[in-house]
Undergrad: 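Encoded as structure tokens, here's the structure I'll be asking about.
Letters A, B, ... are given to chains in the order of the sequence lines, protein chains preceding strands, and every chain is numbered from 1.
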Amino acid sequence: MANKVYSDAASALEGLLFDGMTIVSGGFGLCGIPENSIAAIRASGVKGLTVVSNNAGVDGFGLGLLLETRQVKKMISSYVGENKEFERQYLSGELELEFCPQGTLAERMRAGGAGIPGFYTRTGVGTLVAEGKEHKEFDGETFVMERGIVGDLAIVKAWKADRFGNLVFRKTARNFNPMAATAGKVTVAEVEEIVPDGALDPDLIHTPSVFVQRVFVGTFEKRIEQRTVRKREIA
Amino acid sequence: MANKVYSDAASALEGLLFDGMTIVSGGFGLCGIPENSIAAIRASGVKGLTVVSNNAGVDGFGLGLLLETRQVKKMISSYVGENKEFERQYLSGELELEFCPQGTLAERMRAGGAGIPGFYTRTGVGTLVAEGKEHKEFDGETFVMERGIVGDLAIVKAWKADRFGNLVFRKTARNFNPMAATAGKVTVAEVEEIVPDGALDPDLIHTPSVFVQRVFVGTFEKRIEQRTVRKREIA
Amino acid sequence: MPWTRDEMAQRAARELKDGFYVNLGIGMPTLVANHAGDLDITLQSENGMLGMGPFPWESEEDADLINAGKQTVTELPRTSYFSSADSFAMIRGGHMDLSILGAMEVAENGDLANWMVPGKMVKGMGGAMDLVAGTPRIVVMMEHSDKAGNPKFIPACTLPLTGRNVVDVIITDIAVFERADRKGAPFRLVETAPGVTAEDVKARTTAAFVV
Amino acid sequence: MPWTRDEMAQRAARELKDGFYVNLGIGMPTLVANHAGDLDITLQSENGMLGMGPFPWESEEDADLINAGKQTVTELPRTSYFSSADSFAMIRGGHMDLSILGAMEVAENGDLANWMVPGKMVKGMGGAMDLVAGTPRIVVMMEHSDKAGNPKFIPACTLPLTGRNVVDVIITDIAVFERADRKGAPFRLVETAPGVTAEDVKARTTAAFVV
């Protein structure tokens, strides 16, 4: 069969990167981010990127790595508060930023992947994010039109895959990954494990294989941003 | 806690039915249909119903039961080819019918449940189903606007539930049920089994509890429309 | 000598490529699966299944496992199930490679009609409108003439359309037509059944096509 | 004597009802969970979790299990995980009962600003715009005055809005305001902190409200 399994991020991304391209990325904060693909994109030196991702990583990790090297021209995100370098580049005008409400961003990725070029939402009506966008009344209420997003490439992080490209995510590391997986002309998935044929329960696959063109097993740091714990009382 | 578990369809539907209401139903053909709720709706005698369902059952089973008793005023469906009584009522003008392409219907339910009053699709452009609807160009291509659907009540069939209302579906009996579950002001789920707390893997719940207000264990005939098999060769 | 249904399916199978994700319509198109040979093809069923297997062995039917034709089927090691919304996200979003379906009429501009005969048949379009609108390559399999002997590949559809300008390949029992693109390229006669000449095809077709 | 943050959270918890599905914003609103008492409340975290449990025991943190504030949390027997699209389908679709969040400014018409200070802070709105647009009942918790001593409940917002006409209840460290509907009903002062009079509140507020 047409092989979808690659040995690492560099080989999985080979031939897919070009200057000025749009990349859609999964992940929320540093949770469930495609660490390996990001590192390989940095190493490739590709530049002028538009990156669609809920967050922009932190200084020195995640998408922050591509900001450091100035490979990113524009971000489409809902929250970038954890990244000083981002703030600096943005306030100095070096980096373009399109703020998009989190739910609208998730829906824009899903819509792009589902062949829906535009949809209406009440989110953001009467605020900055709706300025210049088309509005429409439905049943007496005003909604704003938002556009579907399709990227040249989607990079996602899953827990398990099979060689067909079926994906399963784990806990809140799922987040934007399933929509991102649908929103790339090509989708590259990095996973913790590729399991034998039939090991994934067909009822419980989050991303069907048709959305994934290339898959590889990565190594993951899985950095925690806010380590909050309860102390055990000692008896 | 607020109890969501009911003993049967009649009690689960108590207080929810009224003449002229809109009911959104899960199911594809006779697969994964809310048999028990349909029977209880028939027994209730409620009438003038608008029913949103991919199919209309067959003569004497599924939604066909509500057609027999003339409780349905209007159907919104993609395919009704298995039902002679439907055809008769429609051709004689007794029954209103809004044909909706299957994918558009699924998306309309999802959109309604997701607070999206309208979306654009290329499905149906240039055909009867797009007539009288708003059109819009995106990147040089023409799309038609379709509306989200929200029903007064949604009735769905799942495999397993827990008492919180989390649902898991089985194989192709999933079909329209997850979207229908989001598209009702109130959603009643019938299931084969209510499992103990924590027995459903949180990563693998198809419909989160917030969408389900009432749940009960039903009894299911699960009729097969087209029994197609391979014959075993006898050695 | 016209092709049999099975020969038509065999010809349609040549439209498949290794690794393709394919949706086969109800009826004749389902026969194509029997001719995939060594190609690694994943079949989609729009009611919510990717990786559709063959019919079950007798007594192993599962009422919860059917295809879009409401027939009992089986699963494979690659199978995944999903909701109808996700299924048509896949279709509408252009993620499928190919769809093969039946037709009542195809017009020379690629219009397709296969869902309605006004005043007579009110079955519905099911997923056909979504499939033809979303899938990048559409192959139609149909008898060359209807039961009354009238051509089905015609200058303009007379029945309500399923989609405008959506058909790429037409396989009938006597001929195969193909067009290079959906931007104005005409259908070209690329194959005929044994003993059928281009002249024969012309005589039995009202649509314009090139040879 | 103004209320402490914990007393504000205790007051906010009185907005909860048994069986509610609730989203608590980052910061002070998270304290409300400690005061739910016997009420059966399901907490949503908009990054894709329903049924959020407490922080993990030390050494049991899981990098794959965080809340919308990026803090490590735990799951409960009722927990489900889902994608961000499904999470906001839940929120935008009006399925949540209540959201409690912080604010920089609230206007007397219910407008809310809590995401941006032009030229200074460019963190982003995260899910706040979706939460206020989609949730039927919005409770704001904030200090009555900002660090410079200026009122935060004001005639009209000066900062970029998060949502128009979306706030139902305002809980500050000295007072609670509530309005009957979003159709023009004015905010009413319904409670004051111990030793704080309606006159005190008026003196420290520029928004119009009824007593």
Side-chain angles (χ1 to χ4, degrees), chain A residues 1-5 24 106-119 148-152 154 158 160-169 178-187 189 194-215, chain C residues 16-23 36-53 62 64-67 73-99 127 129-137 163 166:
Chain A
M1 70 174 268
N3 180 49
K4 290 187 178 181
V5 179
V24 179
E107 192 65 20
R108 290 180 66 190
M109 289 186 194
R110 182 191 175 277
I116 293 171
F119 61 89
I149 292 176
V150 177
D152 298 301
K160 296 178 183 177
D162 60 23
R163 68 185 171 103
F164 307 107
N166 291 305
L167 303 181
V168 173
F169 302 94
M179 290 79 67
T182 70
K185 289 177 193 161
V186 182
T187 294
I194 294 180
V195 301
D197 292 4
L200 301 178
D201 182 338
D203 269 328
L204 307 174
I205 286 168
H206 297 126
T207 293
S209 64
V210 70
F211 294 111
V212 178
Q213 283 69 49
R214 302 183 184 189
V215 61
Chain C
L16 303 174
K17 289 182 188 160
D18 200 46
F20 261 25
Y21 286 84
V22 179
N23 185 294
D38 287 341
L39 295 177
D40 189 72
I41 301 298
T42 303
L43 298 179
Q44 204 241 23
S45 190
E46 67 266 26
N47 55 319
M49 180 180 196
L50 200 57
M52 183 170 57
D62 183 339
D64 288 341
L65 180 40
I66 65 170
N67 65 17
V73 293
T74 54
E75 67 191 29
L76 299 170
R78 72 182 59 189
T79 299
S80 58
Y81 300 106
F82 34 81
S83 73
S84 301
D86 288 347
S87 180
F88 284 93
M90 209 174 274
I91 290 167
R92 196 190 308 103
H95 302 279
M96 300 297 300
D97 295 297
L98 177 71
S99 183
M129 285 191 181
D130 307 279
L131 279 161
V132 301
T135 312
R137 193 164 173 85
V166 294

Undergrad: Rounded at 0.5 Å granularity, tell me how far CG in C/Leu39 sits from CZ in C/Phe20.
TA: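 Reported value, rounded in 0.5 Å steps: 9.5 Å.
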
Undergrad: Report which part of C/Ala133 has an atom under 4.5 Å of a heavy atom belonging to chain A: side chain, backbone, both, or neither.
TA: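 When you check distances to chain A, no heavy atom of C/Ala133 falls under 4.5 Å.
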
Undergrad: Count the heavy-atom pairs under 4.5 Å between each of A/Ala183, A/Gly148, A/Pro208, A/Ala199 and chain C, then report the option with the highest count.
TA: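 If we count pairs closer than 4.5 Å to chain C, A/Pro208 comes out on top.
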
Undergrad: Only pairs of heavy atoms separated by less than 4.5 Å count here; which of C/His95, C/Gln44, C/Glu75 has the most with chain A?
TA: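 Going by pairs under 4.5 Å, I would pick C/His95.
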
Undergrad: Restricting to side-chain contact (heavy atoms from CB on, under 4.5 Å), what partner residues turn up for A/Ala181, sequence neighbours left out?
TA: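 By the side-chain contact (heavy atoms from CB on, under 4.5 Å) rule, A/Ala181 matches A/Val156, A/Thr187, A/Thr207.
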
Undergrad: Given heavy-atom pairs under 4.5 angstrom as the criterion, report whether the side chain, backbone, both or neither of A/Asn166 touches chain C.
TA: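 For A/Asn166, the contact with chain C is made by the side chain alone.
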
Undergrad: When heavy-atom pairs shorter than 4.5 Å are enumerated against chain C, which of A/Asp197, A/Thr182, A/Asp162 gives the highest number?
TA: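 That would be A/Thr182.
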
Undergrad: To the nearest 0.5 Å, what is the distance between CZ on C/Arg92 and CG on C/Leu131?
TA: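 Answer rounded to 0.5 Å: 11.0 Å.
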
Undergrad: Check whether any side-chain heavy atom of C/Phe82 sits under 4.5 Å from a side-chain heavy atom of C/Met90, and report yes or no.
TA: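 SC-SC contact between C/Phe82 and C/Met90 confirmed.
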
Undergrad: So which of C/Gly51, C/Gly134, C/Gly93 has the largest heavy-atom pair count under 4.5 angstrom toward chain A?
TA: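 The option with the most such pairs is C/Gly93.
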
Undergrad: C/Arg78 and C/Thr42: side-chain donor and acceptor closer than 3.5 Å?
TA: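 C/Arg78 vs C/Thr42: donor-acceptor pair found between side chains.
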
